[in-house]
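Let me begin by handing over the structure; questions about it come next.
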2 protein chains.
Amino acid sequence: MLGCLGRGVIMTEHKIRNMEEFSAKCGVSRPTVSKYFNDPNSVRKSTRDRIEAALEKFDFRPNVYAVNQNRRLTKNIGIVVPFVADPFFAELARNIERRCIDAGFSPSTFSAHGSVEHENEILETLRSMRPAGVLLAPLGRASDKRKIESFCENVPTVLFDCNIEGIGVPFIGSNNFQSVPLMVDYLCRTGEPPCFFEMAPVNPNANKRRDAYRLAMERLGHEPKILRVEGQGWEFESIGYGGGMRAFAEGGFGSSTVLCSNDRLAIGLLAAAYESGVRVGLGAGCSLRVAGHDDHPFSRFTCPSLTTMAQDYKAISERSVETLLALIEGGSADDSALSGLFDGHLVLRASA
Amino acid sequence: MLGCLGRGVIMTEHKIRNMEEFSAKCGVSRPTVSKYFNDPNSVRKSTRDRIEAALEKFDFRPNVYAVNQNRRLTKNIGIVVPFVADPFFAELARNIERRCIDAGFSPSTFSAHGSVEHENEILETLRSMRPAGVLLAPLGRASDKRKIESFCENVPTVLFDCNIEGIGVPFIGSNNFQSVPLMVDYLCRTGEPPCFFEMAPVNPNANKRRDAYRLAMERLGHEPKILRVEGQGWEFESIGYGGGMRAFAEGGFGSSTVLCSNDRLAIGLLAAAYESGVRVGLGAGCSLRVAGHDDHPFSRFTCPSLTTMAQDYKAISERSVETLLALIEGGSADDSALSGLFDGHLVLRASA
DNA sequence: GCCCATACTTTACGCGCGTAAAATTTATAT
DNA sequence: ATATAAATTTTACGCGCGTAAAGTATGGGC
């Protein structure tokens with residue numbers, strides 16, 4: 001490729017193979033270049049300029065594998081969500097990714113796709129990646145608690161969205177005991193007190209929401225009514241649909257207001273209502289009100305649009321990353337003291 | 001940790017630090033162990049058994065960074081989708097991931113989150129990962145064509161879902177010229193010929209679907225009617241909703257049947273119809289039929305449920321991975337000859 | 001002008017493993 | 001039993017970079 005004739009007319013820049021060659025082009029020693037890549041501000045401005053000038057001409061990048069092999073701690077951060085096909089988690093992951101990049105780390109996102117086996121595989125993979133830290137939203141009840149626990153002992157980890165209680169790991173999530181009562185209160189003010197529509201709980205959030213519902217109802221002097229539908233897995237819409245169809249066939253919910261454990265369940269229920277000829281909403285001719293929880297990205301586009309409790313995506317992702325970075329910096333500081341729960345806010349739409 | 005008293009009662013298995021130590025525990029040489037990890041069947045059964053026995057006792061795993069540094073080609077495969085918050089892509093990615101793992105590779109999935117900058121970042125990251133191959137679903141029109149082209153020259157790549165034409169890279173996707181005419185034909189048989197509802201095309205698929213619609217209509221002796229709505233970005237539902245609201249306000253679509261360029265657009269349109277008091281479906285009292293394209297995971301739960309063309313997820317993911325593996329094996333074989341388009345099938349639901 | 005802190009260079013070692021070549025063992029065929 | 005092929009061990013080198021130590025250059029303050 002490079003002409004040997006020595007004409008020197010067009011000196012084809014032969015590819016830089018390693019940091020040694022690159023440092024030669026800079027007129028700077030390799031260790032200094034190495035220092036530069038670890039922290040550009042750790043070298044004098046004049047040398048920084050020389051390196052960056054050469055960087056534009058040759059676009060060299062240190063070999064990630066060699067770098068990570070030799071660093072005590074890699075700059076990798078693992079992000080694990082239970083089910084990325086749920087736009088709620090996709091959105092959360094996107095936010096978190098961005099923040100990690102901005103903090104100078106290299107995030108890699110994994111989805112357990114709803115399966116424990118896959119979640120365990122991911123933890124194994126993550127282990128061998130020796131990440132600086134991990135942001136983990138576990139499957140929940142289905143998770144292999146011991147594996148997660150032993151993982152957290154070896155890798156700085158922050159749990160988000162779904163807690164695994166009693167393992168002393170920081171947790172960032174939503175405050176269900178604030179959000180659910182707020183919704184219950186709104187629903188009671190504006191119509192018949194709601195019943196609670198849930199599936200077999202996949203995680204602590206589901207349990208807390210039910211408990212919060214019960215408490216809120218009792219505090220308002222109403223009798224809680226809980227309707228649990230069958231079904232498992234992560235096809236919540238399908239479960240909500242099936243449960244809805246059966247309830248409508250058997251004569252309704254025992255209340256003209258239904259508070260769903262989450263939006264996806266509500267989406268299924270709305271489909272069932274539509275198919276059953278039950279008009280949902282506030283207007284005349286409507287016989288049912290439906291509310292959800294989470295402000296799922298699609299809840300704006302349901303028919304009718306879904307009244308729901310918005311989780312504070314931004315705060316959760318921001319605080320999760322902050323907490324992890326603090327954990328990475330400060331060694332293994334006091335753990336669960338770093339936990340944080342965020343309030344949600346009411347999103348009033350047409351369904352309730 | 002390890003008692004120094006020599007009692008030997010409980011010999012705490014001190015952590016294996018590297019392959020050297022591990023091979024000692026096996027009573028096998030390190031190069032042989034190395035061979036084993038590259039291909040367990042490349043060593044004699046007796047030694048394989050010894051290694052695997054030790055493997056259970058010490059759960060040693062080769063350092064991924066050291067491995068990848070020294071191998072000519074890593075076992076990594078990059079998977080890139082334009083927007084993972086779209087469950088369609090999440091589903092595709094999940095399928096592809098699984099197949100890569102089964103083939104003995106380590107997939108990492110990335111989402112461009114709808115932004116070119118992010119897509120380019122991902123390509124850079126991917127480059128420094130020196131992957132064996134990459135499965136890339138580009139953003140489409142928004143993509144930086146030159147960067148993708150230069151990337152494909154250096155890394156074995158298979159495009160899926162969305163083609164970048166004229167760069168000689170294998171492409172696996174859906175056959176829009178089969179699927180759209182099929183839908184058009186069905187709609188014409190059962191009611192008024194459809195108009196076509198689209199947004200500014202984000203990728204070649206959108207263009208092809210429109211062209212296929214036009215052709216199909218002309219072939220059936222009907223006049224094509226195309227309604228393009230404004231809006232950009234990846235919030236298709238929102239665009240469909242906005243376009244729908246305006247169309248209903250201005251007196252409809254010029255046909256009582258609307259074929260949408262994709263399901264997400266249709267989901268937005270259905271929301272607009274509902275809000276505008278327009279009944280969608282086949283039954284009495286319905287004034288509009290709506291059909292989509294893709295069999296989006298949520299299209300079962302729209303109100304009414306959405307009649308659509310199902311893309312063959314399984315075939316696309318399977319063939320994409322197969323093609324990439326062939327590309328990896330056979331060096332840079334004849335490229336675009338490996339392309340493949342798959343037929344879709346009609347999914348009849350309540351909306352049309 | 002000297003002193004000293006800082007930044008840099010040189011030199012050197014190690015990380016954990018792939019991989020090649022040569023010597024040796026083991027299994028299979030004759 | 002002997003020849004032959006296959007598998008394994010030994011030995012050795014290299015990958016690209018982090019990092020430490022010791023020496024050299026740089027620059028600011030007095």
Side-chain angles (χ1 to χ4, degrees), chain A residues 14-55 58-76 104-106 127-132, chain B residues 14-55 58-76 104-106 127-132:
Chain A
H14 77 283
K15 290 268 179 178
I16 305 286
R17 306 210 148 278
N18 53 39
M19 196 179 281
E20 192 79 52
E21 285 185 23
F22 177 70
S23 66
K25 299 287 183 186
C26 302
V28 172
S29 75
R30 186 180 67 76
T32 303
V33 173
S34 172
K35 246 186 115 184
Y36 167 84
F37 278 109
N38 283 319
D39 178 11
N41 290 320
S42 68
V43 304
R44 201 190 301 146
K45 180 168 184 343
S46 59
T47 51
R48 185 163 59 238
D49 289 343
R50 292 167 72 179
I51 293 174
E52 282 166 357
L55 217 44
F58 302 98
D59 89 314
F60 161 77
R61 303 188 64 173
N63 180 308
V64 281
Y65 301 111
V67 170
N68 285 326
Q69 178 173 18
N70 295 307
R71 240 205 285 265
R72 303 187 165 284
L73 216 57
T74 69
K75 280 286 194 178
N76 297 328
F105 289 83
S106 304
R127 245 192 168 108
S128 62
M129 283 180 63
R130 293 189 332 211
Chain B
H14 77 285
K15 289 268 179 181
I16 305 285
R17 306 210 148 278
N18 53 39
M19 196 179 280
E20 192 78 52
E21 285 185 24
F22 177 71
S23 65
K25 300 286 182 187
C26 302
V28 172
S29 75
R30 186 181 66 75
T32 303
V33 173
S34 172
K35 247 185 115 183
Y36 167 84
F37 278 108
N38 284 320
D39 178 10
N41 290 320
S42 68
V43 304
R44 202 190 300 146
K45 182 169 185 342
S46 59
T47 50
R48 186 163 59 237
D49 290 342
R50 293 168 71 177
I51 293 175
E52 282 166 358
L55 217 44
F58 303 98
D59 89 314
F60 161 78
R61 302 188 64 173
N63 180 308
V64 283
Y65 301 111
V67 170
N68 285 326
Q69 177 174 18
N70 294 307
R71 240 204 284 264
R72 303 188 166 284
L73 217 57
T74 70
K75 280 287 194 178
N76 297 328
F105 288 84
S106 304
R127 247 193 167 106
S128 62
M129 283 179 62
R130 293 189 334 211

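Per chain, numbering begins at 1; letters A, B, ... match sequence-line order. Heavy-atom basis, side chains included; hydrogens, waters and symmetry copies ignored. A quick note: this is a predicted structure, and the numbers were derived from the prediction, not measured.
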Using the six-membered ring wherever Trp is involved, compare the ring planes of B:Phe37 and B:Phe22 and label them parallel, tilted or perpendicular (cut-offs 30° and 60°).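 It falls in the tilted class, 30° to 60°.
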Using a 4.0 Å heavy-atom cut-off, does A:Phe60 contact any base of the nucleic acid, only the sugar-phosphate backbone, or nothing at all?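 Since only primed, P, OP1 and OP2 atoms lie under 4.0 Å of A:Phe60, the category is sugar-phosphate.
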Residue pair B:Leu73 / B:Ala132: nearest heavy atoms and the distance that separates them: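 That closest heavy-atom pairing would be CG-CA, 4.0 Å.
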Taking atom types as they are modelled, would you say the side chain of B:Asn38 forms a donor-acceptor pair with the base of C:dG18 within the 3.5 Å cutoff?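 No, the side chain and the base share no sub-3.5 Å donor-acceptor pair.
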Once you round it to whole Å, what is the distance between C1' of D:dC17 and CZ of A:Arg17?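 So the two atoms are 16 Å apart, to the nearest Å.
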So what does B:Phe22 touch, heavy atoms closer than 4.0 Å: a base, only the sugar-phosphate, or nothing?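 Result for B:Phe22 = nothing.
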Of the nucleotides C:dC17, C:dT9, C:dA27, which has the atom closest to the A:Val28 side chain?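 Taking heavy atoms from C-beta onward, the closest nucleotide is C:dT9.
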So, does A:Arg50 use its side chain to make a donor-acceptor pair with the main chain of A:Gly27 at under 3.5 Å?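 Yes.
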Distance test, side-chain N/O of B:Thr47 to OP1/OP2 of D:dT8, below 4.0 Å: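 For B:Thr47, the contact criterion (side-chain N or O under 4.0 Å from OP1 or OP2 of D:dT8) is met.
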Side chain of B:Met19 only, heavy atoms from C-beta on: which candidate in C:dC17, D:dC17, D:dT9 is closest?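 Between C:dC17, D:dC17, D:dT9, the one nearest the side chain of B:Met19 would be C:dC17.
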Quick one: does any side-chain atom of B:Thr74 pair with a main-chain N or O of B:Arg130 as donor and acceptor, under 3.5 Å?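 Side chain of B:Thr74 to backbone of B:Arg130, a donor-acceptor pair under 3.5 Å: yes, one is there.
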Nucleotide of D:dT8, D:dT19, C:dG16 approaching B:Lys35 most closely (side-chain heavy atoms):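 The listed nucleotide nearest to B:Lys35's side chain is D:dT8.
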Taking only the side-chain heavy atoms of B:Arg44 (C-beta and beyond), determine which of C:dC17, D:dT8, C:dA7 contains the nearest atom.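 The nucleotide sitting nearest to the side chain is D:dT8.
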In whole Å, I'd like the distance from the NZ atom of B:Lys45 to the P atom of D:dA7.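 Checked: the NZ to P distance equals 15 Å.
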Nearest of D:dT10, D:dC17, C:dC17 to any side-chain atom of B:Ser29?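 It is D:dT10.
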Once you round it to whole Å, what is the distance between P of C:dA7 and CD1 of A:Ile51?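 These atoms are roughly 14 Å apart.
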Select from B:Asn63 and A:Ser46 the residue whose nearest nucleotide in DNA chain C is closer to the 5' end of that strand.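 This one resolves to A:Ser46.
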Verify the distance criterion only: is there a donor paired with an acceptor across the side chains of A:Arg71 and A:Asn38 at less than 3.5 Å?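 Yes.
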Atom CD of A:Glu21 and atom P of D:dC17: how far apart are they, to the nearest Å?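 Whole-Å distance recorded here is 10 Å.
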Any idea which of D:dT9, D:dG16, D:dG18 is nearest the B:Thr32 side chain?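 It is D:dT9.
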Length of the line joining A:Asn68:CG and C:dC17:P, which is rounded to integer Å: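 So the CG-P distance, A:Asn68 to C:dC17, works out to 15 Å.
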Nearest listed nucleotide, side chain of A:Arg30, among D:dT8, C:dA12, D:dT9: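 Nearest to the side-chain atoms of A:Arg30, counting from C-beta on, is C:dA12.
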To the nearest Å, give me how far apart CG (A:Leu73) and P (C:dC15) are.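 Going from CG in A:Leu73 over to P in C:dC15 covers 18 Å.
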Is the shortest side-chain N to carboxylate O distance from A:Lys35 to A:Asp39 below 4.0 Å?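 Looking at A:Asp39 together with A:Lys35, the answer is no, because their closest N to O distance does not fall below 4.0 Å.
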Taking atom P of C:dG16 as reference, at what distance in whole Å does atom CD of A:Gln69 sit?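 From A:Gln69 CD to C:dG16 P: 7 Å.
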Any B:Ser34 side-chain nitrogen or oxygen under 4.0 Å from OP1 or OP2 of C:dG18: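 The answer is yes; a side-chain N or O of B:Ser34 sits under 4.0 Å from OP1 or OP2.
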When you match B:Asn70 and B:Pro31 each to their closest nucleotide on DNA chain D, which lands nearer the 5' end?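 Closer to the 5' end of DNA chain D: B:Pro31.
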Rounded to the nearest angstrom, tell me the gap between atom OH in A:Tyr65 and atom P in C:dG18.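 Rounded to the whole Å, the gap is 14 Å.
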